[in-house]
Amino acid sequence: MIKIISGTLTYVLCKMFTLSITTADYKTEKLHGGTLGDVRLVTGTAETADGEKLPYKVVLKVQKKWKRHGDSGSWRREYDLYTSGFGALFTDSLCWPKCYHAEMNQDESEWQIWMEHIDGISGLDLTGDMYERAAEELGRFQGKLYAKRPAIIQNLTNLSKIDFAKNFYLHYRSWKEVYDYIRTDDCEIPKHLCQMLIDIDENENDVWNRIEKLPIVLCHRDFWVTNIFYKDDKIVLIDWDTTGWGYFGEDLASLIADEADVAHMVEYYQRCVPAYYKGFSEYADVSHITDHCVRELILVMFGYRLVEWYKFAKSPDEKTLHLNTLQKIYEMGDYT
């Protein structure tokens, strides 16, 4: 249970309203998501020194220390980014929630961030135009950092590594529950979908050689629809704990395939890749990149995860969803 200190709350509200807040009541509601941290919507009424009463909404995120496989610093990365000045690098049309207060406890085992509540369109409510806009703004943001290489970025020490996606793939591929399953005669996944994944495994050196020729950019690395909000003609991104160096187009794999809008997956693939190029090319020439490898990135990042989700699904509808997702990835091959 999160304990809210009244002095901290009034300080946060002073920053939020840019007024002198003397008292505030509150109630909390656990927000969906935040599986690794405790994320609460804090609401109530604040009172100014002049007696004016102001309703408010603010988000409190509390994260305890834990260890992610292959990325031990991820638990504190969002705190490190919010306290580094990183927010000054955002564009006018892509940003994160404003931070009103961030603190780490004395033994550096838990942090809390008080941030702006974003009441925008998110998840599967995003339209195709919003997907395309998110891809373009991501490209513009990454292109800006790639071309200008600001000192803030160079000085950040707690970012996930370039080979994060590759190590994730190798880790999943070493799991016999999924690796062996698609190679058995009694596998219920259609053979052409199994072969799509087997082909990646059999050609992994070539696949990674092609991916590793792409520009290295700063990736959000959790760029999926639940972390993307469209509000006031802007893209607002939350959950920056896996952020780090990765490959051009890597975040598009998450946008298109992570708990996807399956019915429109191929359409969004066709729309988002050129939109991403368009945004990035405002700052850096990418006309020479003819092999963007987004479909390959989708397969290495989500192929075996979809097999896992299918194999251990708790209902026929879930199984059908994961099969349909794999089928849409297969169909992307006609447009690569």
Side-chain angles (χ1 to χ4, degrees), residues 31-37 39 41 58-61 63 71 74-100 102 113-127 129-146 150 152-153 156 158-160 164-165 217-261 268 272 275-276 279-280 282-283 297 301:
L31 293 176
H32 69 84
T35 53
L36 301 176
V39 185
L41 176 63
V58 67
V59 172
L60 170 60
K61 184 171 184 177
Q63 178 66 68
D71 189 14
S74 70
W75 77 274
R76 61 170 292 155
R77 185 168 296 128
E78 193 162 19
Y79 169 84
D80 288 340
L81 287 172
Y82 263 113
T83 55
S84 70
F86 177 76
L89 302 177
F90 289 115
T91 64
D92 291 338
S93 45
L94 184 143
C95 62
W96 61 10
K98 294 175 185 174
C99 174
Y100 301 120
I113 294 175
W114 292 80
M115 66 183 79
E116 174 187 13
H117 174 249
I118 304 299
D119 185 18
I121 300 169
S122 184
L124 295 181
D125 291 330
L126 293 167
T127 66
D129 288 345
M130 293 173 190
Y131 269 78
E132 189 173 332
R133 177 68 182 279
E136 182 177 345
E137 294 303 338
L138 172 71
R140 184 172 290 116
F141 175 64
Q142 290 182 338
K144 174 186 172 184
L145 300 187
Y146 178 80
I152 290 172
I153 294 293
L156 291 174
N158 183 17
L159 294 172
S160 57
F164 182 86
V217 299
L218 188 76
C219 293
H220 180 276
R221 282 223 164 102
D222 203 9
F223 194 73
W224 68 303
V225 292
T226 298
N227 288 339
I228 299 169
F229 289 79
Y230 181 86
K231 183 181 181 183
D232 299 332
D233 203 32
K234 291 185 178 183
I235 300 297
V236 185
L237 301 180
I238 65 171
D239 288 356
W240 291 77
D241 61 295
T242 50
T243 297
W245 299 112
Y247 294 102
F248 177 89
E250 185 178 321
D251 280 332
L252 290 187
S254 299
L255 175 64
I256 295 164
D258 195 351
E259 298 199 20
D261 183 347
Y268 293 169
C272 289
Y276 177 75
F280 200 97
E282 290 186 17
Y283 291 92
L297 283 162
M301 292 166 63

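The first residue of the sequence shown is numbered 1, and numbering continues consecutively from there.
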| request: Might you work through the side chain to side chain contact (heavy atoms under 4.5 Å, CB included) test for Thr226 and Glu259, ending with a clear yes or no? | output: CA-CA 9 Å; Thr226 298; Glu259 298 199 20; 5.7 Å; no
(message) I'd like to know if the side chain of Glu116 and the backbone of Lys98 have a donor-acceptor N/O pair within less than 3.5 Å.
(response) yes
Determine, for Asp71 against Arg77, whether the closest basic-nitrogen to carboxylate-oxygen distance falls under 4.0 angstrom. yes
Please assess Val217 against Tyr247 for the test side chain to side chain contact (heavy atoms under 4.5 Å, CB included), listing each intermediate value before the final yes or no.
CA-CA 6 Å; Val217 299; Tyr247 294 102; over 6 Å; no
Do the rings of Phe141 and Trp240 sit parallel, tilted or perpendicular, given the 30° and 60° boundaries?
perpendicular
Can you check whether Gly244's main-chain N or O pairs, donor with acceptor, with Ser160's side chain at less than 3.5 Å? yes
Checklist line | Glu78/Lys61 salt bridge by N-O under 4.0 Å criterion | finding: yes
Would you say Glu132's side chain and Asp129's backbone share a donor-acceptor pair under 3.5 angstrom? no
key: Test item: His220 side-chain N/O and Ile238 main-chain N/O as donor-acceptor pair under 3.5 Å   = yes
* Main-chain N/O of Val225 paired with Ser122 side-chain donor or acceptor, under 3.5 Å -> yes
Inset, instruction - Under the side chain to side chain contact (heavy atoms under 4.5 Å, CB included) rule, what do Val58 and His117 come out as? Steps first, then yes or no, please. - result: CA-CA 5 Å; Val58 67; His117 174 249; 5.8 Å; no
Residues Cys272 and Ile256: closest non-hydrogen pair is CB-CD1, 4.5 Å
Practice problem: Apply side chain to side chain contact (heavy atoms under 4.5 Å, CB included) to the pair Lys234 and Glu137, showing each step before the final yes or no. | Solution: CA-CA 9 Å; Lys234 291 185 178 183; Glu137 294 303 338; over 6 Å; no
Note, Tyr100 side chain near Leu60 side chain (heavy atom, < 4.5 Å):
no
So CG of Leu237 and CG of Asn227: to nearest 0.5 Å the spacing works out to 8.0 Å
- [ ] For Trp245 and Phe164, run ring-ring contact (aromatic ring centres under 6.0 Å, His included): C-alpha distance rounded to whole Å, both residues' side-chain angles, the deciding distance at 0.1 Å, then the answer.
- [x] CA-CA 8 Å; Trp245 299 112; Phe164 182 86; over 10 Å; no
Residue pair Tyr276, Gln142: steps toward the side chain to side chain donor-acceptor pair (under 3.5 Å) verdict = CA-CA 10 Å; Tyr276 177 75; Gln142 290 182 338; 2.5 Å; yes
Side chain to side chain contact (heavy atoms under 4.5 Å, CB included) with Ile228: of Ile235, Leu138, Asp222, only one passes, and it is Ile235
In terms of relative ring orientation, are Tyr146 and Phe280 parallel, tilted or perpendicular, with 30° and 60° separating the classes? tilted
Using atom types as modelled and distance alone, determine if a side-chain donor or acceptor of Lys144 lies under 3.5 Å from a backbone N or O of Leu89.
yes
Side-chain donor/acceptor of Asp251 to backbone N/O of Arg221, under 3.5 Å:
yes
Between the OG atom in Ser254 and the CH2 atom in Trp224, the distance rounded to the nearest 0.5 Å is 10.0 Å
CZ of Phe86 to CD1 of Ile152, rounded to nearest 0.5 Å, is 9.0 Å
(message) When you measure from the side chain of Arg133 to the backbone of Asp233, do you find a donor-acceptor pair of N or O atoms at a distance under 3.5 Å?
(response) yes
